[in-house]
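Here the structure comes first, spelled out in structure tokens, and everything after it is commentary.
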Amino acid sequence: MDWGMRNRLSKIIKPKTGRTVMLAVDHGYFLGPTTGLENFRESIEPLIPYCDTLFITRGMLRTCVNPNIEVPVMLRASGGTSILGKELLHEGVTLSVEDAIRLNAVGIGYSILVGADWERDTILDFANYVNEAERYGLIAMAVTAVGKDMAKDARYLALASRMAAEHGAHIVKTYYCEGFEKVVDTCPVPIVMAGGKKIPELDALTMAYNAVQAGAVGVDMGRNIFQSESPVAMIKAIRAVIQENATPKEALGVFKENKGKFRKPAHRKSGVAAKDDSAKV
Ligand code: 5RP
């Protein structure tokens, strides 16, 4: 890894702690106006000061995020299918490396679908994307996407994560599972945990705690933050777990202490409000 890549990686994974709190708000690329992100700008603005990296699509970055933000940005670079289609996650390239650089991204995220009919397409496209990203020193994060009928166990997630690293991923984003140590120990690049569908706050904090205890460098979490009854209190609690080694109980204290202070923005009712499909993935 050259100087530029090491520098970009240090923007994502904080050198002081070796950890990162990535805020994932890219869901609209296949889910549309996901619950909690209907009014995107209002929802994410108060969260930005508490994350180490923002994971987002280029369209929402350009239209809804103040360019003066200090946190680094990673851009979703794959897509092409929706929750309504038959081939969920049969993704291809949606962002050029040039545009990622123009938008001053430190890296990109790309989904691979190991074990599904179209695994070959997504893995070859990802490997080609890494070739391009490396030419310009961009960090490539592989997202080990899991279709709704696929098992999220250690055997499968270790296979997918290791394959992602073998094909050149610099960071792997994967789901938490029992035996997560195996996933981390057999993957030579840093792992961040995806949050998955919304669960009670203490459960999400416990899952994040267990993931970093097992060796993950942090989280790339979305719904368990922005769908919480108090998203700011929740990101602060997650931050306590990841960056300050708080226990789940201590972090729940941070959540409780802050939830009265930071209220969720009230969304206007919109005629096009989507039904929440985010629990299906
Ligand atoms: C979808 C993604 C999302 O960013 C990812 O799922 C993280 O969000 P959440 O914590 O809501 O699962 O990459 O493919």
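Model, not experiment: these values are computed from the prediction. Remember, it's 1-based here, ligands and their atoms both numbered in the order they're listed.
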Shell of residues surrounding ligand 1, defined by a 4.0 angstrom heavy-atom cut-off that is strict: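 Those residues closer than 4.0 Å to ligand 1 by some heavy atom are A24, D26, H27, Y29, F55, R76, V143, K173, Y175, G195, G196, D220, M221, G222, R223.
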
Side chains of Q227 and T35 only: does a donor on one sit below 3.5 Å from an acceptor on the other?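 No pair is found: no donor N or O on one side chain lies under 3.5 Å from an acceptor on the other.
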
Is there a donor-acceptor contact under 3.5 Å linking the side chains of R76 and Y29?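 The answer is yes; a qualifying pair exists.
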
V254: hydrophobic cluster co-members (side-chain, 4.5 Å):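 Joined to V254, directly or through intermediates: none.
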
In the hydrophobic cluster built from side-chain contacts under 4.5 Å, what are the other members alongside F55?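 Grouped by the 4.5 Å side-chain rule, M1, M5, L9, I12, I13, M22, M74, V106, I139, M141, V143, I171, V192, V217 form the rest of the cluster around F55.
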
E166 with R162: basic N within carboxylate O range, under 4.0 Å: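 Salt bridge present between E166 and R162.
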
Return the set of residues passing side-chain hydrogen bond (donor to acceptor under 3.5 Å, both in side chains) with R135 (not counting sequence neighbours), or none when no residue passes.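 side-chain hydrogen bond (donor to acceptor under 3.5 Å, both in side chains) list for R135, sorted by chain: E132.
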
